[in-house]
Amino acid sequence: MALLAEHLLRPLPADKQIETGPFLEAVSHLPPFFDCLGSPVFTPIKADISGNITVCTWPGSPTVYDTNPTKFRTLQNILEVEKEMYGAEWPKVGATLALMWLKRGLRFIQVFLQSICDGERDENHPNLIRVNATKAYEMALKKYHGWIVQKIFQ
């Protein structure tokens, strides 16, 4: 947890622009967090977050940032360029879509950890984190998933 805090809890700069390189480096420390939970149930979430961190425009491509670090210096730059590039398909394509899913994954982690900190638990199974994971899923991801994925999560 200290590693996550060290990399993720930096204050925003005055212009509120998030630099892409440092952001991607910081969030790259998130996937190992799921290994600490000791359950294979988190494998799909870990894989999804890992994939979105790469911010690929299509499978096998370099990250958008790596193609032109100057042009894509901030996350806002990525959104602006892709909005112009993709037109009516935007924001449901490219790095923008990956960033939206990454944001949802970060929200899942936030709700999950907050639920644990708040002491929410199943009194019949106090050592299980099912209550916390379910709450996080319902608040952060469920509305974006179809019926089949929702059933898989259950």
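Along the sequence shown, residues carry numbers from 1.
- A donor-acceptor contact shorter than 3.5 Å links the side chain of Glu82 to the backbone of Ala95.
- For residues 139-148, every residue pair satisfying the side-chain hydrogen bond (donor to acceptor under 3.5 Å, both in side chains) rule, not counting sequence neighbours, is listed here: Tyr137-His145.
- Looking at heavy atoms from C-beta onward, Ile78 lies in side-chain contact with Thr20 at the 4.5 angstrom threshold.
- A search for side chain to side chain donor-acceptor pair (under 3.5 Å) contacts involving Arg107 returns Gln110, not counting sequence neighbours.
- In terms of heavy atoms, Asn132 sits closest to Ser115 at ND2-OG, 2.8 Å.
- Residues Leu102 and Phe23 have side chains in contact (heavy-atom distance under 4.5 Å, counting atoms from C-beta outward).
- Atom OH of Tyr65 sits about 9.5 Å away from atom CZ of Arg73, to the nearest 0.5 Å.
- Taking the side-chain contact (heavy atoms from CB on, under 4.5 Å) definition, one finds that Asp15 meets it with Pro13, Gln17, sequence neighbours left out.
- Residues satisfying the side-chain contact (heavy atoms from CB on, under 4.5 Å) criterion with Val81, sequence neighbours excluded, are Lys71, Phe72.
- Considering only residues two or more places apart in sequence or on other chains, Trp101 meets the side chain to side chain donor-acceptor pair (under 3.5 Å) condition with none of them.
- With a 4.5 Å cut-off between side-chain heavy atoms of Ile, Leu, Val, Met, Phe, Trp and Tyr, the cluster of Val131 takes in none.
- Listed by first then second residue, pairs satisfying salt bridge (charged side-chain N to carboxylate O under 4.0 Å, His left out) with a partner in residues 85-102 number zero, not counting sequence neighbours.
- Counting heavy atoms from C-beta on, the side chains of Leu37 and Phe34 come closer than 4.5 Å.
- Distance check: Ile129 CD1 to Leu113 CG gives 9.5 Å after rounding to the nearest 0.5 Å.
- Rounded to the nearest 0.5 Å, atoms CG (Asn52) and CE (Met100) are 10.0 Å apart.
- Residues satisfying the side chain to side chain donor-acceptor pair (under 3.5 Å) test with Gln76, not counting sequence neighbours, are Glu80.
- The neighbour count for Leu12 CG, taken as heavy atoms of other residues, nucleotides or ligands under 6.0 Å away, is above 12.
- Closest of all the heavy-atom pairs between Ser28 and Pro32 is O-CD, 4.0 Å.
- Among all heavy-atom pairs drawn from Val27 and Ile53, the shortest one is O-CD1, 3.1 Å.
- With side-chain heavy atoms closer than 4.5 Å counting as contact, directly or through intermediates, the hydrophobic cluster containing Val111 also holds Met139.
- Looking at residues two or more places apart in sequence or on another chain, you find a side chain to side chain donor-acceptor pair (under 3.5 Å) between Asp118 and Gln114.
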Under 3.5 Å, which donor-acceptor pairs link side chains of residues 40-48 to any protein atom two or more places apart or in another chain?
{"from": "Thr43", "atom 1": "OG1", "to": "Pro40", "atom 2": "O", "distance (Å)": "2.9"}
{"from": "Lys46", "atom 1": "NZ", "to": "Asp35", "atom 2": "OD1", "distance (Å)": "2.8"}
{"from": "Lys46", "atom 1": "NZ", "to": "Asp35", "atom 2": "OD2", "distance (Å)": "3.0"}

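- For the side chain to side chain contact (heavy atoms under 4.5 Å, CB included) criterion with Thr96, the lone passing option out of Leu79, Val64, Leu75 is Leu79.
- The side-chain contact (heavy atoms from CB on, under 4.5 Å) test applied to Leu128 returns His125, not counting sequence neighbours.
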